> 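Got a structure here, written out as structure tokens. Questions coming.
All heavy atoms count here, side chains included; hydrogens, waters and symmetry mates do not. The model shown is predicted, which means the values in this text are computed figures rather than measured ones. The sequence lines fix the lettering, A, B, ..., with proteins before strands; numbering per chain opens at 1.
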Amino acid sequence: MNFWLFKSEVSTWSWDQQVARGDAGEEWDGVRNYQARNHMRSMKLGDLGFFYHSQKEKEIVGIVEVIAESHPDSTTDDDRWDCVDIKAVRSLPKPVTLAMCKENPRLADMVLVNNTRLSVQPVTEDEWQIVLELAGDTD
DNA sequence: GCCAACGTTGGC
DNA sequence: GCCAACGTTGGC
């Protein structure tokens, strides 16, 4: 089981839209960055990820699950670009802001904090647990 | 709205 | 294969 983080601008694709898709999920298309694509290629069914709103909100708002492994991105004919499908699992009780991540010494190495431009990122298991704690998601 | 960081493109 | 120019992302 691996953990990830998916970044999206609210105006492009929001958490509300993702939730509205239900178990059908949605293709995480439109990624045109090799690093992000490579992360998606290494995802497995059942992997979990955070859903992060960039720009205005700058906070992790929910948890998603990979429901289809890497396949060609249907929004382009360019065969360089693949993507996965994800579905919303649940919203976080309290969103975890970028500022909170930056303040927490244990999250100092989180990709979110250090590489602001990468739209699909790996998250370590430790980081995953810490963020869940910050979110009050103590399941 | 600005700008830093970073990725990509294309000329040589 | 290098590197300058350019475009985009995203935090501030």
> With Trp4(A), which residues qualify under side-chain hydrogen bond (donor to acceptor under 3.5 Å, both in side chains), at least two apart?
Asp47(A)

> Which side-chain N or O atoms in residues 95-109 of chain A pair as donor and acceptor under 3.5 Å with protein atoms at least two apart or in another chain?
{"unit_1": "Thr97(A)", "atom_1": "OG1", "unit_2": "Met100(A)", "atom_2": "N", "d": "3.1"}
{"unit_1": "Asn104(A)", "atom_1": "OD1", "unit_2": "Arg106(A)", "atom_2": "N", "d": "2.8"}

> Across nucleotides 2-11 of chain C, 5' to 3', mark each nucleotide with B, S or - according to how protein heavy atoms within less than 4.0 Å reach it.
-----BBBBS

> Bend across the helix from dG1(B)-dC12(C) to dC12(B)-dG1(C), to 10°, with axes taken over 5 pairs at each end?
10°

> May I have the list of side-chain donor-acceptor pairs in residues 64-73 of chain A shorter than 3.5 Å, sequence neighbours left out?
{"unit_1": "Glu69(A)", "atom_1": "OE2", "unit_2": "Leu45(A)", "atom_2": "N", "d": "2.9"}
{"unit_1": "His71(A)", "atom_1": "NE2", "unit_2": "Asp85(A)", "atom_2": "OD1", "d": "2.8"}
{"unit_1": "Asp73(A)", "atom_1": "OD1", "unit_2": "Thr75(A)", "atom_2": "N", "d": "2.8"}
{"unit_1": "Asp73(A)", "atom_1": "OD1", "unit_2": "Thr75(A)", "atom_2": "OG1", "d": "2.5"}
{"unit_1": "Asp73(A)", "atom_1": "OD2", "unit_2": "Gly30(A)", "atom_2": "N", "d": "2.9"}
{"unit_1": "Asp73(A)", "atom_1": "OD2", "unit_2": "Arg32(A)", "atom_2": "NH1", "d": "2.9"}
{"unit_1": "Asp73(A)", "atom_1": "OD2", "unit_2": "Thr75(A)", "atom_2": "OG1", "d": "3.4"}

> By the rule that ILVMFWY residues connect when side-chain heavy atoms come within less than 4.5 angstrom, directly or transitively, which residues belong alongside Trp81(A)?
Tyr34(A)

> Does Phe6(A) share a hydrophobic cluster with Val89(A), counting links as ILVMFWY side-chain heavy atoms below 4.5 Å and allowing steps through other members?
no

> Indicate yes or no for a side-chain donor-acceptor contact from Glu26(A) to the backbone of Arg21(A) under 3.5 Å, with no hydrogens or angles considered.
no

> What closest approach, in Å, do Met1(A) and Phe3(A) show between heavy atoms, and which atom pair accounts for it?
CG-CZ, 3.8 Å

